Amino acid sequence: MVQQSSSHAKMLCVLKSRYTLLIGIIALEFLLFGFLAPYFLTLGNILNILRQISEIGMISIPLTFLLLSGHMDLSVGSIVGVCGITCGMLLRAGQPVVLAILAGIAAGAVVGFINGVIVGKLKIQAVVVTIGTQVMFRGLCYIMTSGRAVSGYPLSFYVLGGGDILGLPISVLVLGLCYVGAWFVLERTYFGRYILAIGNNQNTTRYSGIRVDRVKILLFTFCGIMTAVASIFLISRLSSAEATLGSGYELDIITAALIGGIDINGGSGKLQGTFLGILIIGILRNGLNLMGLSVIYQSIILGVLLLVAVAKRKG
Amino acid sequence: MGETILEMQHIAKAFSGVYALKDAQLTLQKGRVMALVGENGAGKSTLMRILTGIYDHDGGTILYKGQPVHFKNAMQARDAGIAIIHQEFNLFPNLTVAENIFLGDKSVQSHGLVDWQAMNRRAQELVDSIGGTFSVEEKVQELSVQNQQVVEIVKALAANAEVLIMDEPTSALPESEVQHLFRTIRGLKARGVAIVYVSHRLNEIFEICDDITVLRDGVTAFLSEVGATTQQEVVAQMIGKEVTVLYPKQDAEIGGVVFEARHLSDGDTVKDLSFCVHKGEILGLYGLVGSGATECPEALFGLVRGAHGTFLMDGREISLHSPAQAVANRIAYVPPDRHRQGIIRQLSIRFNLTLAVVRRLCTRSVIRRKDEQATVDDYIRKLRVKCAGDSQKVTFLSGGNQQKVVIAKWLATNPALLILNDPTRGVDVGAKAEIYSLISELACAGMAIVITSSEISEILGMSDRILVLNEGVVSREFLRGQADQKSLLSAALMRPDETQGGV
Amino acid sequence: MKQHKSRLSRIFSAREMPIIVFTLLVYGAFSVMAPNFNTFNNVSVIAQQITINGIVALGMTIVIMIGGMDLSVGSLLSLCGVFAGMMDNAGLPVALTVLLTLVIGTALGALNGLLIVKLHIPDIIVTLATMNIFRGVAVMVTRSQWITDFSDAFLHIGSSKGGLFSIPILLYVAVAVVFAVCLRWLPFGRLLYAVGGNREAAVLMGLNVPSVKIRVYAVNGFLLGLAGLLFASMFGSIQAATAATSLQFQTMGSALIGGANIFGGAGSVLGTVFGTILLGMIKNGLVQIHASEYWLDFITGAVILLALLVNLIQLRKKGRC
């Protein structure tokens with residue numbers, strides 16, 4: 001009893017310290033970049049950061065679900081490409097905006113479903129499957145665009161990526177809503193329970209009469225859909241879709257989730273951790289950009305962060 | 001009598017304070033086969049693990065070729081000439097037979113390279129010498145199970161094993177191959193290898209073994225030459241004196257048939273089982289390892305791919321291809337391996353307790369937290385789960401309380417048939433009694449219950465009716481009070497056809 | 001006679017057989033579709049084009065064989081390539097440049113292995129991280145500039161001929177032969193199959209599995225050093241950010257098509273070589289028939305998935321063992 005409550009307190013302590021650490025890092029970033037890059041601490045830039053992280057933020061939600069369930073999706077970057085290009089091409093062809101958006105989301109659902117079926121039904125490791133589909137879906141992007149950027153959308157479409165409500169960018173508001181919704185799903189619905197159960201002990205979950213393979217398919221399909229939503233905001237913000245759209249996103253998001261305390265082996269971690277991780281990475285990229293450091297330098301820092309984040313959890 | 005090669009004397013071993021072995025001895029002689037028998041949990045495998053260096057012993061001495069030895073790991077024992085063939089083979093399926101036999105062996109290398117010709121030739125000689133009929137250039141994964149076993153034996157020979165332990169060597173073999181194995185064993189005897197033959201199958205023991213050691217509760221209870229004893233005496237020695245534990249079994253009113261299985265088979269261990277369970281009845285399934293007693297519940301719960309049979313619940317035919325289907329048909333299953341199959345130990349009591357039922361506690365997918373809390377409180381109280389609160393992680397509970405959480409998880413689904421597969425494994429005595437009285441109460445309330453156990457007294461004490469399984473079929477049926485330990489164990493040990501006349 | 005027959009049947013039932021047949025079929029198809037495909041000139045072009053991928057794919061094969069995975073190959077190749085180029089630009093003798101590049105490659109490969117073993121992080125995560133770190137460092141040391149203007153001696157490695165074939169092709173063949181011999185006859189080579197085939201049994205045998213892993217990643221690094229050298233020398237210039245960016249997928253594809261098993265324990269030099277030839281041929285053939293080169297990635301991905309499926313079917317057929 002005593003041992004229990006003390007270990008409980010200890011757990012709380014660890015949890016607290018991780019989040020304080022994460023917030024500390026964010027504060028440090030603000031200090032550092034505020035000092036080094038004068039433009040950094042302006043309202044315009046802060047909103048800019050939020051706008052920039054909104055897309056990877058949206059994808060980080062289903063990816064956190066997948067990680068919590070002990071899986072992984074390395075193909076999200078390519079799915080961004082496929083969905084964004086699908087949507088962009090329909091827009092360019094003069095189709096109604098709503099139809100184009102729905103088509104993009106449908107494309108995401110289909111490719112996510114494909115991932116899910118291969119992982120859930122054929123029982124091949126998710127990591128390996130999504131490496132394969134990553135390459136294949138990216139190839140699809142090149143085939144669809146023939147290597148040329150897809151641009152020239154109706155004006156109304158740009159509202160998504162550029163417009164704001166009460167001073168807040170729409171994409172940021174959507175991200176906020178998604179996070180609240182996802183938190184609710186994870187904490188308050190049976191589906192959230194199933195995710196955690198599978199991530200902690202897939203066997204016991206199956207022995208409890210839960211159709212584990214269906215949950216997996218659903219998770220991957222949801223991942224496809226959320227990724228598609230993100231891709232639509234992205235092409236609206238960039239006002240074009242290239243074949244390389246979204247490439248490398250998976251690293252940012254997985255790193256963010258792992259920094260945020262999601263266990264690489266599944267089963268434990270909190271959504272808010274991922275969110276802080278996304279903020280840290282978003283601010284880092286923005287700040288380094290303002291300082292004129294190329295994207296490629298940033299990836300050194302990300303790589304090291306990833307190793308540190310995972311290694312530390314193992315002790 | 002041959003020359004004594006190994007003596008284990010007064011071996012003791014405890015796991016976290018509980019004795020698995022108290023005073024075990026084993027004496028092996030060159031060129032003789034020693035049978036090692038005992039009930040489930042008598043300490044056979046612990047003793048073998050000590051001999052092969054996997055476990056360290058707490059007390060006693062091991063004399064090998066007259067010298068005291070103390071193996072620190074499996075490699076030391078193997079290098080000294082003591083080899084073991086586990087039920088699960090330790091082979092490299094993707095390598096050839098010859099490689100499995102000689103992997104890393106310097107004697108088949110020349111100039112630092114593998115000399116395939118020499119290796120294949122020597123391997124083939126060894127395989128041929130014990131009557132193997134396959135090519136050593138084949139990959140192990142291409143071989144049948146019996147030939148894989150031959151590879152294991154040859155591996156031991158190549159390592160110059162002088163003591164060879166065979167753990168249930170015939171459990172994986174088809175009937176027709178047993179004689180083949182016995183020929184191989186006779187060949188090994190002729191070479192002077194001392195063999196330990198661990199088995200439940202008394203017929204085989206009386207055919208192939210020279211001496212017999214009976215372990216009971218961690219003590220060597222009986223030693224004899226096989227020719228000087230009988231199967232009946234061995235059975236009696238395995239049981240010892242009747243242990244009387246009070247089981248709080250109340251007489252429940254037994255009603256109509258709730259569940260019926262016809263011609264259940266899992267394509268492997270369970271061959272052809274038909275039985276029914278009545279309302280308020282506790283049906284005990286008893287059998288030794290490999291008899292199908294633990295496998296049958298798994299097949300019923302839809303856990304075994306390829307299992308088939310006809311199942312009726314309340315007279316209606318149902319299919320049981322997955323646990324989800326079984327649960328939907330009001331079947332509940334408490335599995336034997338609590339940590340891997342029963343609980344999710346990193347998560348809370350509440351989480352575990354409602355896992356199987358949480359979906360029914362939802363309105364539009366959102367959990368009704370009041371209802372959930374009521375369910376959790378209800379079962380914690382009813383089952384007297386000792387805990388600091390429902391948010392406590394299950395890992396911090398005692399084994400008995402963990403098991404109560406598993407049972408509560410299933411009771412919450414309001415099952416018609418409750419299957420308990422070895423429900424008191426790793427549970428302390430106090431909690432055991434509580435679980436027994438709970439099971440009895442459930443039966444009194446009209447639930448149909450199937451129970452298996454590795455403890456013979458538990459089956460005797462709790463069941464209204466007992467089915468004894470042997471080699472995947474029912475070998476005998478007892479009503480409550482008809483059976484005692486001896487008749488039950490005899491029925492479990494003998495072949496079905498031999499027990500027809502009664503014991 | 002019996003022996004002979006069984007050997008013949010073993011050849012036809014070999015794991016590599018489907019890929020070899022398939023490669024020949026694709027070759028035939030392209031020959032019909034594109035008149036210039038089946039010419040000595042074009043075949044030697046293909047051979048030259050696949051050398052780098054081929055060498056790296058062999059390293060990938062042994063990594064996959066022990067149940068590992070290396071996503072960092074393209075980045076490490078780039079890093080080794082720019083190091084080699086910069087050393088040459090600094091006026092180092094070619095022999096020293098070659099030696100140092102190979103040492104750097106080996107060391108960084110071993111670093112991958114060390115991180116995996118010592119930090120207990122899954123292979124894929126470690127190499128995902130080092131993929132970015134290596135690439136970043138390569139860009140950093142070159143300040144995003146092209147590295148070019150190599151000495152004649154350095155350029156010589158990639159361009160000159162030794163007899164009928166160019167040096168890169170000869171090097172590739174040499175590496176493949178050495179690998180084939182080592183995997184077949186070297187005790188260490190057999191250990192790789194053992195570790196990948198049944199890890200528990202390998203541990204029980206007293207094998208030092210972590211050390212095997214580190215050594216395999218080191219060998220892989222050595223090959224990447226070699227491939228980096230060839231890259232810089234063959235193309236005459238190298239840009240850190242863009243060199244060999246999808247190499248990990250190409251080479252993984254080659255290995256998997258060639259019969260390597262993603263769970264470890266299987267894989268062969270012959271299979272991987274044919275896997276490389278197949279992908280190289282498709283790339284060349286697509287250009288020859290004026291199809292869009294953009295199909296290449298898609299086909300690579302599809303082929304990887306197909307190989308995984310075939311793997312799975314073979315596993316299921318074998319059952320447990």
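Predicted model only: the values in this text are computed from it and were never measured.
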- Item | C:Lys213 atom NZ: more than 12 heavy-atom contacts under 6.0 Å | yes

- Sidechain-backbone polar pair: C:Ser78 side chain, C:Ala240 backbone, donor-acceptor under 3.5 Å: yes

- Message: With a 4.5 angstrom heavy-atom cut-off, is it the side chain or the backbone of C:Leu115 that approaches chain A, or both, or neither?
- Response: side chain

- Taking it one step at a time, do C:Leu119 and A:Val310 satisfy side chain to side chain contact (heavy atoms under 4.5 Å, CB included)? CA-CA 9 Å; C:Leu119 299 182; A:Val310 182; over 6 Å; no

- Crowding at CZ, A:Arg92 (>12 non-hydrogen neighbours, <6.0 Å): yes

- Task: Please work out which of the three classes, parallel, tilted or perpendicular, describes the rings of C:Trp295 and C:Phe298, given edges at 30° and 60°.
- Result: perpendicular

- Query: Does A:Phe113 CZ have over 12 foreign heavy atoms under 6.0 Å away?
  - Reply: no

- Query: What distance separates C:Leu77 CG from C:Thr245 OG1, expressed to the nearest 0.5 Å?
  - Reply: 11.0 Å

- Okay, side chain of C:Ser254, backbone of C:Gln250: is any donor-acceptor separation there less than 3.5 Å? yes

- Task: Write out, in numerical order, the residues from residues 125-133 of chain C with a heavy atom short of 4.5 Å from a heavy atom in chain A.
- Result: C:Ile125, C:Val126, C:Leu128, C:Ala129, C:Asn132, C:Ile133

- Under the ring pair (Phe, Tyr, Trp, His ring centres under 6.0 Å) rule, what pairs show up with a residue in residues 119-138 of chain A, not counting sequence neighbours? none

- Query: With no hydrogens and no angle check, is any side-chain donor or acceptor of A:Asn286 less than 3.5 Å from a backbone partner on A:Gly282?
  - Reply: no

- Message: Using modelled atom types and a 3.5 Å cut-off, is there a donor and acceptor pairing between side-chain atoms of A:Asn289 and backbone atoms of A:Arg285?
- Response: yes

- Task: Tell me the residues of residues 60-72 of chain A whose non-hydrogen atoms fall below 4.5 Å from those of chain C, in number order.
- Result: A:Met72

- Message: At a 4.5 Å cut-off on heavy atoms, which part of A:Leu306 comes close to chain C: side chain, backbone, both, or neither?
- Response: side chain

- Item | C:Ala232 to C:Ile238 - nearest heavy-atom pair and separation | CB-CG2, 4.4 Å

- N/O donor-acceptor pair under 3.5 Å between A:Asp213 side chain and A:Lys121 backbone: no

- Spell out the residues in residues 61-73 of chain C that have some non-hydrogen atom less than 4.5 Å away from a non-hydrogen atom of chain A, in order of number; otherwise answer 'none'. C:Met69, C:Leu71

